[in-house]
> 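Take this structure first; my questions come after.
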Amino acid sequence: GGGVDTLFLARTVGSRGCVHAFDVQQEALDRTRARLDAEAEGALAPVKLWLAGHERMAELVPRERHGRVAAVMFNLGYLPGADRTVITRPDTTLAAMEAALDLLAPRGVMTAVLYPGHEGGGEEADAVAAWASSLPAARAQTASYRFPQKPTAPYLIAIERKFT
């Protein structure tokens, strides 16, 4: 999207690692690059911007990082202020989340912000929630933060990889 999550991760990781950011829209990557460039030199981890769907992360993240990634963040939906027909979709999102779980180190964390209030968002949110709920407890543990009385409000699912 606009690079807020990428900037957060780059600040948090610092010089200890690298951040990989994925988007299918060049406009989103341009916004992210501008946000990163506005930061102080040397305060951020190196960031690799990929003009690619998130379902390609296992292919594009270097092999030596597989099973060693500390965190993966998904901010699903559409790019604010852009074409609202370009949205994340359940099939690619579930493939990406499965890949992300394999990339994570033991005790690594994946988060997903879901937006059930836009067209297509409810279907995607339901698919992600069902997938997360079906994960074997020996593989991962899942938590959800949601306002039950606001069914179309955005909500968060967090997944921690177990030691398997």
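Throughout, residue positions are numbered sequentially from 1 according to the sequence presented.
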> Could you tell me whether a side-chain N or O of R16 sits under 3.5 Å from a main-chain N or O of V13, the two making a donor and an acceptor?
yes

> Identify the heavy atoms of A45 and G17 that sit nearest to each other, and give their distance.
CB-O, 3.7 Å

> Do V47 and T6 have side-chain heavy atoms sitting under 4.5 Å apart?
yes

> Answer yes or no: is there a donor N or O on one side and an acceptor on the other, between the side chain of T152 and the main chain of G117, under 3.5 Å?
no

> First locate atom CZ of R161, then atom CD of Q141, and finally report the distance between them rounded to the nearest 0.5 Å.
13.5 Å

> So, taking the atom named CG in N75 and the one named OH in Y115, what distance separates them when rounded to the nearest 0.5 Å?
3.5 Å

> Take atom CD in E59; do more than 12 heavy atoms of anything else shown fall under 6.0 Å from it?
yes

> Answer yes or no: is there a side-chain heavy-atom contact under 4.5 Å between V113 and M73?
no

> Keeping the roles fixed (side chain from H66, backbone from A58), state whether a donor-acceptor pair exists under 3.5 Å.
yes

> In the hydrophobic cluster built from side-chain contacts under 4.5 Å, what are the other members alongside L135?
F22, W50, M57, L60, V61, V69, V72, F74, L76, L94, M97, L101, L103, L104, M110, L114, V128, W131, Y155, I157, I159

> Can you tell me if R89 uses its side chain to pair, donor with acceptor, with the backbone of T92 under 3.5 Å?
no

> Is it true that a side-chain atom of R35 and a backbone atom of G2 form a donor plus acceptor pair closer than 3.5 Å?
yes

> Do NZ/NE/NH1/NH2 and the carboxylate oxygens of R11 and E39 come within less than 4.0 Å?
yes

> Going from CG on D23 to NE2 on H54, what distance comes out if it is rounded to the nearest 0.5 angstrom?
9.5 Å

> Please name all residues satisfying salt bridge (charged side-chain N to carboxylate O under 4.0 Å, His left out) with R33, sequence neighbours left out, ordered by chain then number.
D37

> Take K48 and V19 through the test side-chain contact (heavy atoms from CB on, under 4.5 Å) and record every step on the way to the result.
CA-CA 6 Å; K48 172 66 177 162; V19 175; over 6 Å; no

> Would you say R84 has more than 12 foreign heavy atoms packed within less than 6.0 Å of its CZ?
no

> How about P116 and R146: do any of their side-chain heavy atoms sit closer than 4.5 Å?
yes

> Between T111 and A158, which heavy-atom pair has the shortest distance, and what is it?
CG2-CB, 4.2 Å

> How long is the straight-line distance from CZ of R107 back to NZ of K162, given to the nearest 0.5 Å?
8.0 Å

> With the side chain counted from C-beta on, respond yes when D30 and Q26 share a heavy-atom pair under 4.5 Å apart, and no when they do not.
yes

> What is the minimum heavy-atom distance between A10 and L36, and which atoms define it?
CB-CD2, 4.4 Å

> I want to check something: taking the side chain as every heavy atom from C-beta on, are L44 and L7 in contact at a cut-off of under 4.5 Å?
yes

> Once ring pair (Phe, Tyr, Trp, His ring centres under 6.0 Å) is applied, what residue pairs with a partner in residues 77-101 remain, sequence neighbours excluded?
Y78-H118

